[in-house]
Every structure is written in structure tokens, then in C-alpha cells.
Amino acid sequence: PLSQGGLKVIRAGTGHTAWSMKMTPAIATATSPSRLPWRTAVLAVGGGLVYLLPGVAEYFIYDRSAIFSGEIWRLVTGHVVHYSPSHLAYNLMAFAAVGAIIELQASRRLLPLCTVSALLIGISLLGFRPDLHYFAGASGVVTAAVAYCALSGLSVSGPWRILCLVVLLLLIGKIALELFWSGSSLVGITGEFVVVPLSHAVGAVSGLLMFAWWRRRKESTGDLGSDQ
């Protein structure tokens with residue numbers, strides 16, 4: 001498992017001394033292709049293609065009427081739709097940063113985290129926002145990833161733990177402000193801004209639930225290391 005920075009000496013069975021570098025979760029210790037954040041890259045590129053390719057966004061966007069007509073994939077795919085270069089850039093930059101960190105800690109967890117959070121957000125909007133006919137943007141999924149990453153970092157001592165605690169507190173404060181003062185917005189299909197704080201709140205809860213589930217699973221097996 002990844003931990004604090006430092007150099008650790010391991011006595012191998014052959015009598016030779018092996019050296020391994022212990023680093024913070026934000027830094028990869030291996031250089032093999034399996035440790036590269038390729039899942040993050042694929043998802044980010046996919047979001048860019050959805051924006052650039054004509055007609056794709058209309059087929060993927062969260063459309064309440066279309067969902068009730070049987071196009072249930074829109075509950076998940078609506079999160080990869082964006083309506084302006086800045087909307088796309090902000091979400092993809094944030095996702096690329098936090099997604100890469102998650103992959104370097106536990107590469108197999110990113111895709112389930114994104115899928116579950118996207119689905120829970122879509123279902124929540126469908127059930128609790130009947131007035132919301134269209135929805136787009138990856139900020140809810142990014143919020144889930146940030147929440148999960150920050151919670152994971154609390155188990156690591158040193159500066160990384162302090163940073164994760166600060167990020168977690170800021171995230172909680174941001175969502176609280178959004179819920180009470182409607183401070184965040186996503187771009188609607190007409191180009192107008194529609195306040196959807198529910199997507200961020202559910203995203204944060206999704207990150208918490210996935211963290212708790214994986215933590216319990218690791219504890220039950222007696223292995224608190226990261227999944228590769």
C-alpha cells in the first residue's frame with residue numbers, strides 16, 4: 001500500500017536487500033502502464049468527444065421525458081454532456097486531477113465510483129426534481145470523486161492528511177451554501193443557468209457511501225492495502 005514518503009528496506013528471501021519507495025497517495029510508485037491513470041484519460045476524452053461531435057449530446061443528455069419513455073441510459077450519460085467550452089473545461093480539469101489521484105491509490109475503484117454516483121444523482125433528480133426537464137454536467141460526479149479522495153486521505157499522516165481534511169471541510173461548506181442559498185449552477189439545454197445543488201449533495205453522499213463500503217470490505221478481509 002502507498003503511504004508517507006520515505007525509503008524502506010526490505011530483506012528478500014535470497015539474502016539480498018531490496019529497496020522500495022514509500023510515497024504519498026498522490027504520487028505513483030510504479031511506472032508500469034497498469035498504474036497510469038488511463039481510465040481518467042478515457043473518461044475525460046469521452047466527455048470532450050460528446051461535446052465536439054454533432055448530435056451526440058442530444059442523445060446523451062438527461063431528458064426527463066425521454067427517460068420515462070424508456071431511454072434510461074440518460075440517467076448516467078447526462079453527466080458527460082456540457083454546453084460551453086468553460087463548462088466542459090472546469091469539470092474536466094477537476095475530474096482529471098482527482099481521477100488521477102484515485103487511480104494511483106486504487107485504480108479499480110474509479111469506474112465503479114463514477115458509475116454509482118452518476119446513477120444515484122440521476123435517480124435523485126428524477127425523484128426529487130420533477131420540475132427539472134434537462135440536466136447536464138459532470139460536477140456531481142466530480143464532487144463524489146473529491147469526497148471519496150478526501151476521505152481516503154484522512155488515513156494517511158502528514159501534509160496529505162491535512163490537505164484532505166481542508167478539502168473535505170471546504171466541500172461540506174460549499175454544498176451547505178448551495179443547499180441554503182442556491183449558490184451553484186449548471187447550464188440548461190436552453191442556455192440558461194439552472195440551480196441544481198441536489199446533484200452535488202448526492203454526489204458527496206455517493207462518495208461517502210463508496211468509501212465506507214470499500215473500507216468495510218477491506219477490513220473484513222484483513223487487508224487495508226489499495227486495489228490495483
Side-chain angles (χ1 to χ4, degrees), residues 37 39-40 43-44 46-47 50 60-64 67 72-83 86-103 105-106 109-132 134-154 163-188 193-215:
R39 297 168 181 84
T40 300
L43 292 175
V50 169
F60 279 6
I61 188 175
Y62 172 98
D63 181 333
R64 185 178 180 85
I67 291 171
I72 59 175
W73 66 82
R74 295 176 182 267
L75 289 170
V76 174
T77 60
H79 300 277
V80 300
V81 178
H82 297 84
Y83 282 94
S86 60
H87 188 208
L88 175 69
Y90 291 145
N91 280 334
L92 289 193
M93 285 190 296
F95 177 76
V98 71
I101 293 174
I102 292 174
E103 280 204 75
Q105 295 180 71
R109 296 184 180 182
L110 181 66
L111 293 182
L113 175 63
C114 292
T115 303
V116 170
S117 60
L119 184 59
L120 289 179
I121 293 170
I123 292 174
S124 298
L125 295 177
L126 198 67
F128 297 104
R129 288 296 305 269
D131 59 313
L132 189 65
Y134 301 100
F135 171 87
S139 57
V141 174
V142 172
T143 301
V146 171
Y148 169 79
C149 187
L151 288 167
S152 299
L154 295 181
L163 177 61
C164 288
L165 178 60
V166 171
V167 170
L168 189 60
L169 292 175
L170 289 174
L171 183 64
I172 293 172
K174 173 181 178 292
I175 293 174
L177 287 174
E178 291 174 351
L179 290 173
F180 289 102
W181 284 281
S182 299
S184 73
S185 59
L186 294 177
V187 180
F193 285 88
V194 179
V195 177
V196 192
L198 179 63
S199 65
H200 297 166
V202 175
V205 172
S206 301
L208 171 62
L209 292 175
M210 295 300 286
F211 169 79
W213 185 79
W214 273 314
R215 185 71 180 179

Student: Are the side chains of Val205 and Leu120 in touch, meaning some heavy atoms are under 4.5 Å apart?
Tutor: no

Student: Could you tell me whether the side chain of Cys114 reaches within less than 4.5 Å of the side chain of Phe95, counting heavy atoms only?
Tutor: yes

Student: Counting C-beta onward and ignoring hydrogens, is there a side-chain heavy-atom pair between Leu75 and Leu125 closer than 4.5 Å?
Tutor: no

Student: Please report the shortest heavy-atom distance between His200 and Ser139, naming the atom on each side.
Tutor: NE2-OG, 2.8 Å

Student: Are any of the side-chain heavy atoms of Phe135 and Ile61 separated by less than 4.5 Å?
Tutor: no

Student: Please name all residues satisfying ring-ring contact (aromatic ring centres under 6.0 Å, His included) with Trp213, sequence neighbours left out, ordered by chain then number.
Tutor: none

Student: Which heavy atom of Arg64 sits nearest a heavy atom of Leu126, and at what distance?
Tutor: NH1-O, 2.8 Å

Student: Got a sec, which residues hit salt bridge (charged side-chain N to carboxylate O under 4.0 Å, His left out) with Arg74, two or more places apart in sequence or on another chain?
Tutor: Glu71

Student: Can you list the residues that meet the side chain to side chain donor-acceptor pair (under 3.5 Å) rule with Thr40, with sequence neighbours excluded?
Tutor: Glu103

Student: Check step by step if side chain to side chain contact (heavy atoms under 4.5 Å, CB included) holds for Leu43 and Leu111.
Tutor: CA-CA 9 Å; Leu43 292 175; Leu111 293 182; 3.8 Å; yes

Student: Under 4.5 Å between any side-chain heavy atoms of Trp214 and Ser152, yes or no?
Tutor: no

Student: Centre-to-centre under 6.0 Å for Phe60 and His79, is that the case here?
Tutor: no

